[in-house]
Amino acid sequence: MNRGAVAEIDLSAISSNLKSAKKMAQNKDIIAVVKADAYGHGSVEVSKRLIKDGADFLSVAFCEEAKELRNAGIEIPLIVLFDPDPADIIKYNLIPVISDLKTAMALSKEAEKRHKEIKIHIKVDTGMGRLGIIDDVAKNILEIANLRGIMIDGIMSHFSESDSEDSTFSHYQIARFNNLKKELSAIGLNVKRFHMANSAAIISLPESHFDAVRPGLMIYGISPFEDSCSTITPAKCSCWDFSLIPAMSLKTRLVVLRKVPYGTPISYGKTFVTKRESLIGVISIGYADGFCRLFSNNADVLVRGKRIPVVGKVCMDLTMIDLTEIQDVVSHNDEVIIIGKQGSETIKAVELAQRANTISYEILTSLGRMAKKSYKN
Ligand SMILES: *Cc1c(COP(=O)(O)O)cnc(C)c1O
């Protein structure tokens with residue numbers, strides 16, 4: 001039996017999306033975000049492609065992820081967003097994001113001991129309420145700048161709601177970041193790059209682009225505005241063709257076909273009972289593959305180019321679908337599309353996200369990370 005789902009990753013879509021991000025950001029440095037296994041797309045393969053296509057930096061959440069990239073032979077500057085472990089930072093030549101003086105001092109000590117200079121990016125909290133220096137920001141940065149063995153290569157911040165139709169708070173964050181930049185410059189501290197834009201800000205807030213941008217979701221071909229059903233259109237830019245191409249298709253197989261009579265309960269808890277003689281298919285994907293239980297009686301898949309409903313509860317490794325409408329054409333082992341195109345039908349990540357009351361980010365990371373990957377160029 002063919003177990004689980006396969007994520008087909010179209011690397012040419014990744015190339016095209018990176019190009020779009022670059023155009024949108026008017027050739028500012030690109031810090032491509034490949035955390036969470038490149039949003040479920042496979043960080044090694046995706047990173048190699050992004051480097052080939054001219055990404056300036058890659059960025060991951062933890063040193064563990066950076067280590068995997070280094071071990072795969074990736075040599076580009078790597079920013080680690082949430083894990084400034086001095087030993088790993090030095091060993092793998094990584095750029096940590098630092099959110100406080102104490103961590104900077106620990107790094108400085110380690111760097112001195114080993115006669116190394118560590119490049120760092122400093123995070124400041126302009127309103128996200130997660131990480132970053134929040135008090136006496138300029139003073140703290142100046143103290144960090146004076147530490148030995150450390151070089152401030154960038155200063156960054158992160159948006160709380162750059163995908164919102166109301167940009168008031170984003171503009172407040174941009175203003176705070178701009179003020180900091182001025183303040184630092186006034187005390188003679190000129191840092192090479194300032195950056196704060198994620199995908200939504202790249203698309204809709206050109207004033208947030210500063211010296212570099214950090215695209216994540218858009219690299220994978222999804223607009224953050226799909227999730228919020230926002231009517232926001234990209235900022236005007238003559239060179240911009242707003243067409244992101246989803247890079248991931250998720251497929252599985254029909255492993256069992258069964259004709260069952262009227263009144264047959266399907267799956268755990270009998271939440272679906274056939275209302276006619278039915279052809280029920282069993283597909284090899286379940287909640288252990290990230291196909292979450294909220295899709296029970298609440299998602300479509302594509303088979304033979306038609307939308308086919310999930311019936312009954314999603315199980316750990318299996319899910320049932322009602323193929324009665326296409327019983328004359330369907331066969332054992334037919335391909336089943338969970339995300340992607342077949343014939344003239346398409347199921348997008350955002351469709352699944354809306355059914356599960358979440359966002360595309362979570363759909364991609366949970367389904368993609370579990371799936372076997374296959375890459376096409
Ligand atoms: C994940 C992340 C990004 C990318 O965000 P997208 O919305 O996926 O573009 C950028 N910056 C930081 C700090 C992040 O954690």
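Ligands are counted one by one from 1 in listed order, and the atoms in each one are counted from 1 as well. As the structure is a computational prediction, the values presented were derived from the model and not from experiment.
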Legend entry - Protein contact of atom 7 (O) of ligand 1 - nearest heavy atom, named by residue and atom, plus distance: Tyr361 OH, 2.6 Å

Legend entry - Taking atom 12 (C) of ligand 1 as the reference point, the nearest protein heavy atom with its distance: His158 CE1, 3.3 Å

Legend entry - Side-chain donor-acceptor contact under 3.5 Å, His195 with Asp211: no

Legend entry - Enumerated ligand 1 atoms positioned under 4.0 Å from heavy atoms of Gly216: 4 (C), 6 (P), 8 (O), 9 (O)

Inset, instruction - Identify, by atom number and element, the atoms of ligand 1 in contact range of Phe82, meaning under 4.0 Å from any of its heavy atoms. - result: 15 (O)

Inset, instruction - Please check if any side-chain donor atom of Asn298 sits under 3.5 Å from a side-chain acceptor atom of Arg355, or the reverse. - result: yes

Inset, instruction - Walk me through it: do Ser162 and Ser170 pass the test side chain to side chain donor-acceptor pair (under 3.5 Å)? - result: CA-CA 6 Å; Ser162 51; Ser170 296; 5.5 Å; no

Legend entry - Polar contact flag, side-chain donor to acceptor under 3.5 angstrom, Ser15-Asp53: yes

Inset, instruction - Enumerate the atoms of ligand 1 whose separation from the nearest heavy atom of Leu217 is less than 4.0 angstrom. - result: 6 (P), 8 (O), 9 (O)

Inset, instruction - Say whether Arg130 and ligand 1 are in contact under the criterion: heavy-atom distance to a ligand atom below 4.0 Å. - result: yes

Inset, instruction - Please state which part of Ile202 comes within less than 4.0 Å of ligand 1, counting heavy atoms only: side chain, backbone, both or neither. - result: neither

Inset, instruction - Check whether the side chains of Gln173 and His158 place a donor and an acceptor atom closer than 3.5 Å, and report yes or no. - result: no

Legend entry - Numbering as shown, the atoms of ligand 1 that approach Tyr39 to under 4.0 Å (heavy-atom distance): 1 (C), 4 (C), 5 (O), 6 (P), 8 (O)

Legend entry - Closest protein heavy atom (residue, atom, distance) for atom 9 (O) of ligand 1: Ser199 OG, 2.5 Å

Inset, instruction - Please determine, by modelled atom types, if Ser164 and Asp166 share a side-chain donor-acceptor pair under 3.5 angstrom. - result: no

Legend entry - Lys/Arg N to Asp/Glu carboxylate O, Lys109 vs Glu112, below 4.0 Å: no

Inset, instruction - Pick, from His195, Lys35, Arg214, the option with the minimum heavy-atom distance to atom 14 (C) of ligand 1. - result: Lys35

Inset, instruction - Report yes or no: do Gln342 and Lys306 form a side-chain donor-acceptor pair below 3.5 Å? - result: no

Inset, instruction - Using a 4.0 Å heavy-atom cut-off, say whether Tyr220 meets ligand 1 through its side chain, its backbone, both or neither. - result: neither

